[in-house]
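We count ligands from 1, going down the list as the structure has it; atoms in each ligand are counted the same way. The structure displayed is predicted, hence computed values, not measured ones.
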Amino acid sequence: MVNEYPQALTIAGSDSDGSAGMQADLHTFFVRKVYGMSVITACVAGNSYGIHDSVNMPEHFINQEFKDLDDDFDIKAAKTGMLSDAKLINIVVDNYKKYNFGPLIVDPVIVTKHGAMLLETKAFETLKEKLVPLATVITPNFYEAEKLADMTINNDKDVEKSAQILKNMGAKNVIIKGKHVAGETKEVKDYVLLESGEDFWITGPYYDTTHKNGTGDSLSAAITAEIAKGKSVKEAIIIADEFVDAAIKNGIEVGHKFGPINHWAATKLDK
Ligand SMILES: Nc1ncnc2c1ncn2[C@@H]1O[C@H](COP(=O)(O)OP(=O)(O)O)[C@@H](O)[C@H]1O
Ligand SMILES: Cc1ncc(COP(=O)(O)OP(=O)(O)O)c(N)n1
């Protein structure tokens, strides 16, 4: 017997410790029951203590990855992650426009929660001009929203304003992940602004844990998986938020410092 599963793509960097980047995306695709494929843009060497080196993939190799996937598969949705610099953003944008891989979920990865820069500062303008307008959904964290909207965010009204700025740049739907500071935050709040103009906040408990690497990757990958299965953007965002909440709440003990979230914890939420 041959089973059919929707196919989804991550266009992202590889994270050697498996907690974030493409590995977190593929863990997420797997437990959300979509078949995951990858276009590797860069490779990061690191572990639970931090990131220690990275290299970008050559242009000809990335072009070949896109071509090979297009030649053979029926990808229903795709997401972007770490793109390192303006050159990689342009390569990805050109390939994405050339092929049909469905709705694009843009996780505008700039910096990890432990402070490692994954995108050159001088590439911010290219990200805004070239990639943001292609986004079916864009998923910045608080810091990324400030950088992309070019404003300081002090309160909920500012979060809403930054989402509208991203929408005006061409992103169809926006989710801004709330600010959270260990020891201070009691509740996490993500703000959603949909293409229709409908907007809402998703709130949940803050888990004080050192095991939360890859939360943003997993959220955007779960949105991608649910859209690949045919869910609406609104349904996909709500399911993905629940999924990441359960994966943070039930962490797994791997490594000696900052560890991963537990994608298995959330399989019971499968819908
Ligand atoms: N400690 C936490 N407790 C509960 N939810 C969290 C926690 N950290 C992140 N989240 C949630 O995980 C998702 C990803 O957010 P975030 O960690 O800010 O993204 P990023 O990894 O891009 O910085 C959001 O839905 C956010 O609300
Ligand atoms: C290769 C690679 N890509 C992305 C990240 C950052 O992942 P993200 O989920 O956005 O952020 P953290 O929750 O891990 O801070 C990464 N670390 N490596």
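Protein heavy atom closest to atom 15 (O) of ligand 2, with residue, atom name and distance, is Lys113 N, 2.6 Å. Of all protein heavy atoms, the one closest to atom 5 (C) of ligand 2 is Leu118 CD1, 3.4 Å. Ranking the protein heavy atoms by distance from atom 3 (N) of ligand 2 puts Gly21 CA, 3.3 Å first. Looking at atom 1 (C) of ligand 2, its nearest protein heavy atom turns out to be Gly13 O, 3.4 Å.
Note: His256 NE2 to Thr210 OG1 = 12.0 Å, rounded to the nearest 0.5 Å. With rounding to the nearest 0.5 angstrom, the NZ atom of Lys67 is 15.5 Å from the NE2 atom of His60.
Residue-level proximity to ligand 2 for Ser14 is carried by the backbone, the only part with a heavy atom below 4.0 angstrom. Residue contacts with ligand 2, taken as heavy atom pairs separated by less than 4.0 Å, do not involve His114 at all.
Within ligand 2, the atoms closer than 4.0 Å to a non-hydrogen atom of Thr112 are 15 (O), 17 (N), numbered from 1 in the order shown. Of all atoms in ligand 2, listed by their number and element, those nearer than 4.0 Å to a heavy atom of Lys212 are 13 (O). Interface of Thr215 with ligand 2, defined as ligand atoms under 4.0 Å from a residue heavy atom, comprises 9 (O), 13 (O). Close contacts between ligand 2 and Met82 involve ligand atoms 1 (C), 3 (N) [criterion: under 4.0 Å to a heavy atom].
Between His27 and His263, the ring-plane angle classifies as tilted under the 30° and 60° cut-offs.
Glu226 and Lys229 make their closest contact through OE2-NZ, 2.9 Å (heavy atoms, listed as atom of the first residue, atom of the second, distance). Here the closest heavy-atom approach between residue Lys147 and residue Ile110 is recorded as CB-CD1, 4.2 Å.
Between the Lys113 side chain and the Lys212 main chain, a donor and an acceptor come within less than 3.5 Å of each other. No donor-acceptor distance shorter than 3.5 angstrom exists from the side chain of Asp70 to the backbone of Phe66, with no hydrogens or angles considered.
Contact shell of ligand 1 (protein heavy atoms, cutoff 4.0 Å): Lys113, Asn141, Lys177, His180, Val188, Asp190, Pro205, Tyr206, Tyr207, Lys212, Thr215, Gly216, Asp241, Val244, Ile248.
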Could you list the donor-acceptor pairs under 3.5 angstrom formed by side chains in residues 187-200, with sequence neighbours left out?
from   : atom 1 : to     : atom 2 : distance (Å)
Lys189 : NZ     : Asp156 : OD1    : 3.3
Lys189 : NZ     : Asp156 : OD2    : 2.6
Asp190 : OD1    : Gly178 : N      : 3.1
Tyr191 : OH     : Asp199 : OD2    : 2.6
Ser196 : OG     : Glu198 : N      : 3.2
Glu198 : OE2    : Lys234 : NZ     : 2.6

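The shortest N or O to N or O distance between Gly214 and ligand 2 is below 3.5 Å. Considering both main-chain and side-chain atoms, Gly216 comes within under 3.5 Å of ligand 2 through a nitrogen or oxygen pair.
For atom 10 (O) of ligand 2, the nearest non-hydrogen atom from the set Asp217, Thr139, Asp17, Asn141 belongs to Asp217.
Here the side chains of Leu131 and Leu104 are in contact, with some heavy-atom distance below 4.5 Å.
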